[in-house]
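Below, read A as the first sequence line, B as the second, and so on, with proteins coming before strands; counting in each chain starts at 1. Hydrogens, waters and symmetry mates are skipped; everything else that's a heavy atom, side chains included, is used. Since the structure is predicted, the reported quantities are computational estimates derived from the model, not experimental observations.
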Number of protein chains: 4
Amino acid sequence: MATDAAGPDGNVPVDKMPRTERGRRTQRAILDAAAAEFGEKGFHEGSISGITRRAGVALGSFYTYFDSKDAVFRALVADMSAQVRDHVAPAIRGADGRIAAERAGLLEFIRFVRTHKEIYRIIDEAEFVDPASFRRHYSTTAERIAARIRTGPEDAQAEVHAWAIMGMNVFLGLRYGVWDEDRSPEDVADVIASLLARGIFGSREGAKGAKEGI
Amino acid sequence: MATDAAGPDGNVPVDKMPRTERGRRTQRAILDAAAAEFGEKGFHEGSISGITRRAGVALGSFYTYFDSKDAVFRALVADMSAQVRDHVAPAIRGADGRIAAERAGLLEFIRFVRTHKEIYRIIDEAEFVDPASFRRHYSTTAERIAARIRTGPEDAQAEVHAWAIMGMNVFLGLRYGVWDEDRSPEDVADVIASLLARGIFGSREGAKGAKEGI
Amino acid sequence: MATDAAGPDGNVPVDKMPRTERGRRTQRAILDAAAAEFGEKGFHEGSISGITRRAGVALGSFYTYFDSKDAVFRALVADMSAQVRDHVAPAIRGADGRIAAERAGLLEFIRFVRTHKEIYRIIDEAEFVDPASFRRHYSTTAERIAARIRTGPEDAQAEVHAWAIMGMNVFLGLRYGVWDEDRSPEDVADVIASLLARGIFGSREGAKGAKEGI
Amino acid sequence: MATDAAGPDGNVPVDKMPRTERGRRTQRAILDAAAAEFGEKGFHEGSISGITRRAGVALGSFYTYFDSKDAVFRALVADMSAQVRDHVAPAIRGADGRIAAERAGLLEFIRFVRTHKEIYRIIDEAEFVDPASFRRHYSTTAERIAARIRTGPEDAQAEVHAWAIMGMNVFLGLRYGVWDEDRSPEDVADVIASLLARGIFGSREGAKGAKEGI
DNA sequence: AATGAATGAGAATTCATTCAT
DNA sequence: GATGAATGAATTCTCATTCAT
């Protein structure tokens, strides 16, 4: 995990940092329970008592580690955000060529959400619970993509492309990762790689170029 | 507008259907007020009393026309969903060629959200308030796109492309329609048209093809 | 029916008395609908709109004929109270002997409640809605019984006996008239006639005496 | 007392069971307050806030111990039901002979209701609030009586007699215990004992037999 | 650190009654 | 007479947060 709890930017305030090993375990248990609770019921329907029940601790113990319901949520968004990044980054770095990198990113993203379906409910709900977290998550993600695809300092299209790619990924992850698994992640990634390489109709002849590393 | 209030699929139950002209006006006022309230505060922070205050009617009058807070929300999602569709459809129909159609769709979509910024808060929050509405909205939208771009009955990529296009549009609308207006809708639409036509790097030379109607 | 609507003692106030034949029909429809509504749902769960819906008239029309929810209820209690009395009275008058009269009263009472199961919900709920109606109903009923069984002006036991008989009848009506019909009214009436004639254990040899008219 | 709070059958759900002594005291205070509130105002007119005010606790504390207004009510019916039973049982067991047992039961019942006048409002209102409790209360009471008076396995009249006796008791308790105390409980019990022993007219000569233990 | 009882502000919902048409 | 829209007071229930032990 990248971060542990939640200040304004998703980090736990110092005075809530567990001092003992036992404390650390309890805090981790609460954060995991919160992911389960919010992933299942959403932020508003989820409750602190639901979290502590899942974590197997007393209600009051929650406030030993987090300042408020909002605070765990922020910590959670930061945590999930970091998790996706950490999961996807190595594959992107290992890819040969720009299109291949985006292909790898999408592929790993779909794989990741298939095993962490709660991520959508958590990150999307941030739009309502903590808009700053939400914006930060997507802005930094888009910037990362833009940095990868930018062809030079003059490239004015990179930002638009980055948002487009991010949007594709998010919706394809929802459709083929969370809602249904009726198509393999590799297949989806191939189709998109070809789209990025040759456009939407050029791709209808086959999406092999991506693998050759353009 | 397509629908007026809200049953399970977003339609008002018969026993809530206004029988007089006066009733019809009141119901419309409440639905508009709900769009404002939820768009501004979100579903959970928004309140029935906030809605009736905006609508200028008594609290109890709300229940003359809607069964519950959830019900107006459903009606609203159906209503907004229909509004975007109705706004974008003519431009798409009038476009010359497939790529041009998608370009027109995105262009009008960004224009629409610039004047209806509340649409994101409303449709996105449906994921938590009424998942069925949320899924229906995006599934039907994707199907509509797929129908436009499908090259033939064998075209297995159309669905993936449709979800990709929808994802691009949604995120570009958020970025360049709601969050910031630092780039013209036409510019964004051109960039994407080129991407669809020639791929991400082919497009770096210019997105003129779209206008010629491919 | 004996009475039509509801003042403090269960009669409709003059200004609510229908002047036309059409009005009379509407009022009767409302009263019958109220019996159904309250019998089915009870006073508190029952609603004016439920009544008018059953009666097939507009909500506002209710107030043309009754002053309030309490008022219909009072009218109803008076109405049902009179109905039982009117149904049971002839049988009692026609009976040969005191025990036979009580037997006939119970027999007809059970028969009556089997076809008017709502009577319990209505009269019993009066204890909470309109204690005066409730008390009046049982007091006058007890007095009627006492008058029948009193052996003379000195008979101090008659009142106690009357309440005892009324209590038996009410509970036997509930058990063998409303809740279950697993024993014939005649059978029940025979058992009680014998109890009244010879006591609880004397009766175990048979309850024939009642028929002979003691 | 037999039960403390209220599930479907009048028992508190486990998750509402107080874990500390302090909790136990609070729950008891709320239950007593509910008896007072409902006894005085009835179920529908009584309010949760009325209960917590009487109990001297915060409104929200009510829900720490009971799931709903209905739930306390159920708990209360079970509680009162058990209280009468526990109050009357020893006198019945100590009586010499069957008639004497019934006499003792009635006597103690009248005495009990004189000091717990709220019992009628509570148990009778169960007919509307929680029919299952109501039926359970009277069914088990009748069975207990039947078991006492049954002369043998063939005795088909016992059940009818049991309901008759219960009905007498309930109405005599209402008349001479709750509404008016113009006749001593002993006197009433004597009259009924004689009725049970010799029938209604046999008893006019005197009800001495009961005391001799028939 | 951990526990769980206590708090009370806040919101949705119901429905008898009034009234303009 | 009939209609049905409008009103708003009243109440139940939820739950984040605090605090004494």
For the pair made of [atom1] in [X] and [atom2] in [N], what is the distance, rounded to whole Å?
{"X": "C/His44", "N": "F/dT11", "atom1": "NE2", "atom2": "P", "value": "11 Å"}
{"X": "D/Lys41", "N": "F/dA10", "atom1": "NZ", "atom2": "C1'", "value": "13 Å"}
{"X": "D/Phe66", "N": "E/dA6", "atom1": "CZ", "atom2": "C1'", "value": "16 Å"}
{"X": "C/Glu45", "N": "E/dA16", "atom1": "CD", "atom2": "P", "value": "11 Å"}
{"X": "A/Ile51", "N": "F/dT17", "atom1": "CD1", "atom2": "P", "value": "11 Å"}
{"X": "B/Ile48", "N": "E/dA11", "atom1": "CD1", "atom2": "C1'", "value": "9 Å"}

Under 4.0 Å, heavy atoms only, any strand: does B/Leu59 hit a base, just the sugar-phosphate, or nothing?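 Result for B/Leu59 = base.
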When we call it a touch if two heavy atoms are under 4.0 Å apart, what does D/Gly46 touch: a base, just sugar-phosphate, or nothing? sugar-phosphate
Is the closest basic N to carboxylate O distance between B/Arg121 and B/Glu45 below 4.0 Å? no
Between A/Glu118 and A/Lys41, is the closest basic N to carboxylate O distance under 4.0 Å?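 Salt bridge flag = no for A/Glu118 with A/Lys41.
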Using side-chain heavy atoms (C-beta onward) and a distance below 4.5 Å, is [X] in contact with [Y]?
{"X": "A/Arg25", "Y": "A/Arg28", "answer": "no"}
{"X": "D/His44", "Y": "C/Phe43", "answer": "no"}
{"X": "D/Val77", "Y": "D/Phe134", "answer": "no"}
{"X": "A/Val72", "Y": "A/Tyr65", "answer": "no"}

[N] OP1/OP2 closer than 4.0 Å to side-chain N/O of [X]:
{"X": "B/Ser61", "N": "F/dG8", "result": "no"}
{"X": "B/Tyr63", "N": "F/dT7", "result": "no"}
{"X": "D/Thr64", "N": "E/dA5", "result": "no"}

Would you check if the distance from the ring center of D/Phe73 to the ring center of D/Phe38 is below 6.0 Å? yes
Specify the residue among C/Arg22 and B/Thr20 whose closest nucleotide of DNA chain F lies further upstream toward the 5′ end. C/Arg22
Relative to the 5' end of DNA chain F, which residue comes earlier, B/Phe62 or D/Ser49, by the nucleotide with the nearest heavy atom?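 Here B/Phe62 is the residue nearer the 5' end.
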What's the closest nucleotide to the side chain of A/Tyr65 if the choices are E/dA12, E/dA2, F/dT3?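 The answer is E/dA2, which lies nearest to the side chain.
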Need the bend value for the helix from E/dA2-F/dT21 to E/dT21-F/dA2: angle between end axes, 5 pairs each end, nearest 10°.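 Result, rounded to 10 degrees: 0°.
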